[in-house]
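What's counted below: heavy atoms across the whole structure, side chains too, no hydrogens, waters or symmetry copies. Reminder, nothing fancy here: chain letters follow the sequence lines and each chain counts from 1.
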Amino acid sequence: MQNRQVAAIFNELADLLEIEGENPFKVRAYRNAARTIEGLGDALEDMIDRGEDLTKLPGIGEDLAEKIVEIVRTGKLSKLEEVRKEVPDSLRALLSIEGLGPKRVKTLWETLHITDPDTLKKAAEEHKIRELPGFGPKTEENILKGMHLLKQEGIRFLFAEAEAYAIDLKAFLQKAPGLHTVEVAGSFRRRKETVGDLDILCTAAEPQKVINYFIAYDKVVKVISAGSTRSTVILQNALQVDLRVVEQKSYGAALQYFTGSKSHSIALRKIAVDMGLKINEYGVFRGDKVIAGKTEEEVYASIGLRYIEPELRENRGEIEAARDDTLPRLVTLEDIRGDLHMHTTYSDGLDTIEAMVQKAISLNYDYIAVTDHSATLAVVKGLDTKKAAAYLEEIEKLNSRYEEIHIFKGMEVDILEEGKPAMDDAVLDKLDIALGAVHANFKLSGKEQTKRVLKAIRNPHIKGIAHPTGRLIGKREPLDLDMDEIYKAIREEGKFLEINAQPERLDLNDILIREAKEAGVMLAVNTDAHAAGQLEYMRYGINQARRGWLEKGDLINTLPLGKLLQVIGKG
DNA sequence: GCCGTTTTCGGCCCGACTGTTTTCAGTCG
């Protein structure tokens, strides 16, 4: 039973209870618990096995702790089974229709016996809905329009995809009449690996003019709302954009509010309440008097906190750290001295080794590792023993030609099912950096998979593990690895784990990165570039590293060349 | 259902927009 499944059960229960009309604070308690569980570094199952006290977790009390144990032990929750008998589970689907919340869904169910999207559609088409109290023709129409958006519900965009749209939109908004500033906030500003919508904050003297300009953007296909200070639209690509316009004096408070995360902001507001203050998007107030709001620094300072970087704002301990002045000094792109994972025409890359070298020089790197694939069934275009000889020779040649950069002889070596590297020792002996990686047999049991990777880590030829969990965001689940065992082995062997910067990998994820750091594990952010231009993906990996609380000293590729040589045993 | 250097009971973040109303409930972020 995975944490995500436990969280899903609580979310489902919350939805059904809310439709039932249960105390909204009780409903919120279930949702808060689900959020806490989703953000957990450890598997609940392991925590229970170790006898840890779950009520220590935020938002988990006696009752919910018991329910968690029940779910983990039995795979289900009797309370949910009971509620399902009272409220049809299919009603949940209706909640995802724009404009339908628990109250209206309950009304539809009790009066017209609507239980799912199909019966809802029929009732709307027969104009039965407009007759209900609290409903009208407009609502009925909106329900019908919202029906075909139902399927697209819940899609999230990779950060890198959202970035492209955000850049376009920002450039467009910069030309809005009377605009002062425009900033993309929300999960985009927090640099989450996926982004559900874009939240954009503008400051302008006349907000209405900016709103009017915004909804005329040529990629807008639907205007959901457009008031005097905020608006929500849907773009062609189904991306939702929320725009908020405030005055300059509220910029900091509004940026904080619009950046979130929701639970981070709620926690701040609670602190303010305890101090007799109130925080909203216009400022920090004592009574009617504004005491802060122009900048985010001011807002945090007003409740006794240091400024918190957006990447940390997830209510996972950053607020306590800000109070104690123990926040990390997050690593930056400028700290990176080199890239230790990339591919060339020697395997499945698009550019030559020399093209990669030249691009790396333009990025001011001190070193790179060229790490083409070893050939296996999974990676057919890779290096065999014979091809490897030419490959290594060319790296050496380029190394003497380009004095301004050091080129490591590397290879991304497939870890076979038994944990052995897919390359002869004779070749491995000649390498500076061999990265072990899993590219096939993803379905092994957690125990076997862990054993397989541990064996690779203990292999003296392997220096690091590339994209350790093998996940592809939205496409492939991570390997079922015992990460604590992995961290232990990596630490003992003096090896490193990679943070892979490919937009759909970002592997390790933020939570595992932070765990790894706490376990004393060395890490490296690498691009796994398959073309020279992709060396610029480093920034995505840095985003992830920052979300994992990493500082410069946690990454080996911030080290100067001499120090790095020592770390990989070549100094 | 959670939580507590004010509290073990009585609070629980805060405001904008829409559509339905005729002063506001429901929804959303």
Side-chain angles (χ1 to χ4, degrees), chain A residues 10 13-14 17-19 21-36 54-68 77 79 94-108 129-143 145-146 153 185-187 196-201 207-208 211 215 223-234 240-246 250 253-254 256-285 299 303 315:
Chain A
F10 282 155
L13 183 55
L17 288 177
E18 198 171 26
I19 292 169
E22 178 61 275
N23 174 1
F25 297 106
K26 188 189 277 193
V27 172
R28 188 186 297 172
Y30 281 112
R31 295 226 165 90
N32 286 341
R35 204 162 40 218
T36 294
L54 299 180
T55 65
K56 292 260 162 59
L57 297 171
I60 311 281
E62 296 263 328
D63 182 88
L64 287 177
E66 253 176 58
K67 287 192 166 74
I68 291 170
L77 181 63
K79 166 90 174 171
L94 305 184
L95 291 174
S96 63
I97 294 169
E98 182 79 41
L100 282 190
K103 300 273 169 58
R104 286 188 175 140
V105 168
K106 188 183 187 196
T107 304
L108 291 168
I129 288 173
R130 63 178 64 193
E131 311 297 337
L132 297 175
F135 290 76
K138 198 89 188 200
T139 307
E140 186 177 84
E141 198 183 317
N142 283 338
I143 286 172
K145 277 190 198 157
E153 160 76 18
S187 54
D197 60 8
L198 289 180
D199 299 301
I200 300 183
L201 176 69
Q208 188 70 62
I211 300 280
I215 60 177
V223 178
I224 290 178
S225 72
S228 54
T229 70
R230 75 179 297 166
S231 171
T232 298
V233 303
I234 306 282
Q240 178 172 318
V241 185
D242 297 322
L243 177 75
R244 188 71 199 265
V245 193
V246 299
S250 297
Q256 194 295 307
Y257 155 76
F258 229 32
T259 298
S261 67
K262 195 171 173 167
S263 64
H264 173 90
S265 293
I266 289 174
L268 296 188
R269 289 173 180 201
K270 280 181 182 165
I271 293 173
V273 170
D274 288 343
M275 295 172 71
L277 304 173
K278 182 179 75 170
I279 301 179
N280 58 29
E281 57 263 56
Y282 299 110
V284 183
F285 296 82
V299 173
I303 52 171
N315 198 20

Counting just side-chain N and O atoms, does [X] come under 4.0 Å of either OP1 or OP2 of [N]?
{"X": "A:Lys278", "N": "B:dG15", "result": "yes"}
{"X": "A:Lys262", "N": "B:dG29", "result": "no"}
{"X": "A:Thr139", "N": "B:dT20", "result": "yes"}
{"X": "A:Arg230", "N": "B:dC28", "result": "no"}
{"X": "A:Ser228", "N": "B:dC17", "result": "yes"}
{"X": "A:Thr229", "N": "B:dC17", "result": "yes"}
{"X": "A:Gln240", "N": "B:dC28", "result": "no"}
{"X": "A:Lys106", "N": "B:dG26", "result": "no"}
{"X": "A:Tyr282", "N": "B:dA16", "result": "yes"}
{"X": "A:Asn32", "N": "B:dG1", "result": "no"}

Expressed in whole Å, how much space separates the [atom1] atoms belonging to [N] and [M]?
{"N": "B:dT22", "M": "B:dC17", "atom1": "P", "result": "23 Å"}
{"N": "B:dG1", "M": "B:dT8", "atom1": "C1'", "result": "14 Å"}
{"N": "B:dC2", "M": "B:dT6", "atom1": "P", "result": "23 Å"}
{"N": "B:dG10", "M": "B:dG15", "atom1": "C1'", "result": "24 Å"}
{"N": "B:dT5", "M": "B:dC13", "atom1": "C1'", "result": "23 Å"}
{"N": "B:dT27", "M": "B:dT20", "atom1": "C1'", "result": "13 Å"}

Practice item. Report yes or no: does A:Glu140 contribute a side-chain atom to a donor-acceptor pair with the main-chain N or O of A:Arg130 at less than 3.5 Å? Key: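 Looks like yes, one N/O pair under 3.5 Å.
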**Study point:** Whichever of A:Gly227 and A:Glu140 has its nearest DNA chain B nucleotide further upstream toward 5'
**Key:** A:Gly227
Review point. On DNA chain B, nearest-nucleotide positions of A:Ile211 versus A:Gly99: which is more 5'?
Key: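 Taking each residue's closest nucleotide, the earlier one in sequence belongs to A:Ile211.
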Exercise for review: Can you tell me the pairing partner of B:dT8 across any strand shown, Watson-Crick or G-U wobble, with both distances under 3.5 angstrom?
Suggested key: none
Review point. Considering only side-chain heavy atoms of A:Ser225, which listed nucleotide, B:dT18, B:dG1, B:dG15, is closest?
Key: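 Comparing B:dT18, B:dG1, B:dG15 against the side chain of A:Ser225, the answer is B:dT18.
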What nucleic acid atoms does [X] come within less than 4.0 Å of, heavy atoms only: base, sugar-phosphate, or nothing?
{"X": "A:Val27", "result": "nothing"}
{"X": "A:Lys79", "result": "nothing"}
{"X": "A:Ala226", "result": "sugar-phosphate"}
{"X": "A:Leu268", "result": "nothing"}
{"X": "A:Pro102", "result": "sugar-phosphate"}
{"X": "A:Lys270", "result": "sugar-phosphate"}
{"X": "A:Pro207", "result": "nothing"}

Provide, to the nearest angstrom, the distance between the [atom1] atom belonging to [X] and the [atom2] atom belonging to [N].
{"X": "A:Leu57", "N": "B:dC2", "atom1": "CG", "atom2": "C1'", "value": "13 Å"}
{"X": "A:Ile143", "N": "B:dT27", "atom1": "CD1", "atom2": "P", "value": "10 Å"}
{"X": "A:Asp274", "N": "B:dT6", "atom1": "CG", "atom2": "P", "value": "9 Å"}
{"X": "A:Arg244", "N": "B:dG29", "atom1": "CZ", "atom2": "C1'", "value": "10 Å"}
{"X": "A:Ile129", "N": "B:dT20", "atom1": "CD1", "atom2": "C1'", "value": "16 Å"}
{"X": "A:Asn142", "N": "B:dT20", "atom1": "CG", "atom2": "C1'", "value": "13 Å"}
{"X": "A:Leu132", "N": "B:dG26", "atom1": "CG", "atom2": "C1'", "value": "15 Å"}
{"X": "A:Asn280", "N": "B:dG15", "atom1": "CG", "atom2": "P", "value": "5 Å"}

Review point. If you round to the nearest 0.5 Å, how far is CD of A:Glu281 from OG1 of A:Thr229?
Key: 8.0 Å
**Study point:** Residue pair A:Thr36 / A:Pro58: nearest heavy atoms and the distance that separates them
**Key:** OG1-O, 2.9 Å
Revision key, fill the gap. Residues A:Lys106 and A:Ile19: closest non-hydrogen pair is CD-O, 3.1 Å
Check your understanding: Between the base of B:dG29 and the side chain of A:Asp197, is there any donor-acceptor pair under 3.5 Å?
Key ->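 Flag unset: no donor-acceptor pair detected.
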Point to revise | pair A:Ile303-A:Ile279: side-chain heavy atoms closer than 4.5 Å | key: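 Heavy-atom side-chain distance check passes, below 4.5 Å.
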